[in-house]
Amino acid sequence: MNRYFLVTLCASLVAIWLVSCQGTRTGGKNTKILLPTEWKDIEGEYINAHGGGILTYEGKYYWFGEHRPAQGFATEVGVNCYSSENLCDWKYEGVALSVSDEEGNEIEKGCIMERPKVIYNAKTKKFVMWFHLELKGRGYEAARAGVAISDTPTGPYRLLRSGRVNPGICPENMSEEECSAKLDTAEYREWWTPEWTEAVKRGLFVHRDLEGGQMSRDMTLYVDDDGKAYHIYSSEENLTLQIAELTDDYLRHSGRYIRIFPAGHNEAPAIFKYKGTYWLICSGCTGWAPNEARLFSSPSIWGPWEQHPTPFVGEGADKTFGAQSTYVLSLPDEQFIFMADIWKPESLMYSGYLWLPIQFDKNGMPVISKEK
Ligand code: GAL
């Protein structure tokens with residue numbers, strides 16, 4: 001009887017795994033990729049890896065994301081890691097970067113860790129994680145980037161440091177005149193007036209934060225074909241995106257950076273390269289509420305960046321199907337998976353996920369649709 005029960009249970013579990021994966025065709029070769037639809041790991045637990053990204057290493061995928069509590073907001077656990085060989089069956093690998101129990105520690109339990117991304121450095125053979133960090137009890141004012149390191153993909157990762165970006169350094173695409181101009185936030189107290197917008201474009205917040213370093217909130221990482229890595233983040237009070245080159249060991253900023261779309265209010269950057277063009281998908285800034293995604297392209301990471309209409313098509317496209325971008329996974333044969341979060345602010349842990357293939361129209365423009 002017990003044996004019969006066990007066999008039936010195992011068979012139904014296998015059936016659940018099988019139905020929780022769904023085939024999808026991507027824009028590249030006509031191959032079928034299975035993507036999860038149930039968002040449970042192979043133990044049947046809800047996957048808790050929000051605002052995340054994927055590291056591909058030695059034929060395996062490692063999904064890193066925010067562990068979020070069922071109730072509440074702040075980080076109580078850290079950054080979670082799951083692994084998979086097929087993008088569909090995910091094994092929980094545990095907490096890759098843990099919060100600290102030490103009072104006053106930068107990543108003390110109760111801080112906010114968001115949008116972790118991990119890249120592998122082939123020269124140093126280290127796995128490097130960058131994430132958005134807010135200090136405990138200080139809301140979103142710290143706007144820091146944290147960096148952590150590990151010898152193995154799943155961790156545990158060790159925090160090296162956290163801070164603002166490139167203190168004392170002006171962005172490359174601001175002229176000397178703009179850099180030395182005296183812009184004072186006290187003179188532009190009223191937000192969204194034409195004068196204020198103009199001042200933001202001229203670098204109002206770059207100036208304010210020059211000494212201590214630029215703000216860094218929603219973020220992603222990108223490793224280019226030549227091994228150079230970049231940190232792309234919402235800066236200047238979430239008004240302007242910045243792209244900063246990392247040092248060769250990926251552990252610091254090199255000092256080279258640009259700002260793009262000043263006062264454009266872009267968040268949740270996700271980047272990929274297709275046929276030599278860099279594509280960036282972002283959201284607008286409406287907190288947990290979905291909005292219409294934005295699309296940008298450039299022939300070089302350093303610009304010139306150009307804006308296009310949203311790549312989303314079909315019903316719900318004007319709200320990105322209820323989701324907010326977090327990462328684009330680049331697969332062999334020019335296949336790309338757009339990854340996003342469907343936030344549930346009433347219980348962030350159970351926020352959903354949306355993964356869709358990116359297709360390309362006859363002009364080579366990305367198109368993201370729910371239609372098969
Ligand atoms: C969103 C952002 C998330 C998180 C959230 C907090 O706009 O994309 O990463 O910071 O706000 O309200």
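We count ligands from 1, going down the list as the structure has it; atoms in each ligand are counted the same way.
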K.L.:
Of Phe261, Trp305, Phe272, which meets ring-ring contact (aromatic ring centres under 6.0 Å, His included) against Phe296?
P.N.:
Phe261

K.L.:
Counting only heavy atoms closer than 4.0 Å, does ligand 1 sit against the backbone of Gln324, its side chain, both, or neither?
P.N.:
side chain

K.L.:
Using 30° and 60° as the class limits, which term best fits the ring planes of Trp355 and Trp63: parallel, tilted or perpendicular?
P.N.:
tilted

K.L.:
Can you see whether Gln242 engages Glu236 through a side-chain donor-acceptor pair at a distance of less than 3.5 angstrom?
P.N.:
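Yes, a side-chain donor-acceptor pair sits under 3.5 Å.
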
K.L.:
Using the side-chain hydrogen bond (donor to acceptor under 3.5 Å, both in side chains) rule, collect all pairs that involve residues 276-296, keeping only residues at least two apart or in two chains.
P.N.:
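Every pair satisfying side-chain hydrogen bond (donor to acceptor under 3.5 Å, both in side chains) with a residue in residues 276-296: Asp224-Tyr278, Asn266-Arg294, Lys273-Tyr278, Ser283-Gln324, Thr286-Asn291.
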
K.L.:
For Tyr140, is the nearest heavy atom under 4.0 Å from an atom of ligand 1?
P.N.:
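It does, in that a heavy atom of Tyr140 comes within the 4.0 Å cut-off of ligand 1.
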
K.L.:
Does the distance from a Lys or Arg side-chain N to an Asp or Glu carboxylate O, for Arg68 and Glu114, drop under 4.0 Å?
P.N.:
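Salt bridge between Arg68 and Glu114, a charged N being under 4.0 Å from a carboxylate O: yes.
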
K.L.:
Would you say the side-chain atoms of Glu106 and Ser162 include a donor-acceptor pair closer than 3.5 Å?
P.N.:
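Result is yes, a qualifying pair exists.
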
K.L.:
Atoms of ligand 1 less than 4.0 Å from Trp288 heavy atoms?
P.N.:
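Reading through ligand 1 atom by atom, the close ones are 4 (C), 5 (C), 6 (C), 12 (O).
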
K.L.:
Starting from atom 7 (O) of ligand 1, which protein heavy atom do you reach first, and at what distance in Å?
P.N.:
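The protein heavy atom lying closest is Glu267 OE1, 2.5 Å.
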
K.L.:
Between the candidates Ser234, Ser283, Gly287, Cys285, which shows the shortest non-hydrogen contact distance to atom 11 (O) of ligand 1?
P.N.:
Gly287

K.L.:
Which atoms from ligand 1 have a heavy atom of Asp218 less than 4.0 Å away?
P.N.:
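Atoms satisfying the 4.0 Å criterion: 2 (C), 3 (C), 8 (O), 9 (O), 10 (O).
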
K.L.:
Tell me, which protein residue and heavy-atom name are nearest atom 10 (O) of ligand 1, and how many Å apart are they?
P.N.:
Glu114 OE1, 2.7 Å

K.L.:
Below the 3.5 angstrom mark, is there an N/O of Arg115, backbone or side chain, next to an N/O of ligand 1?
P.N.:
yes

K.L.:
Quick one: disulfide bond (SG atoms under 2.5 Å apart) pairs with a partner in residues 186-285, sequence neighbours left out?
P.N.:
none

K.L.:
Side chain or backbone, does Glu66 bring an N or O within less than 3.5 Å of an N or O on ligand 1?
P.N.:
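Between Glu66 and ligand 1 (N or O atoms, distance only) the closest approach is not under 3.5 Å.
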
K.L.:
Using a heavy-atom cut-off of under 4.0 Å, does the side chain or the backbone of His132 touch ligand 1, or both, or neither?
P.N.:
neither

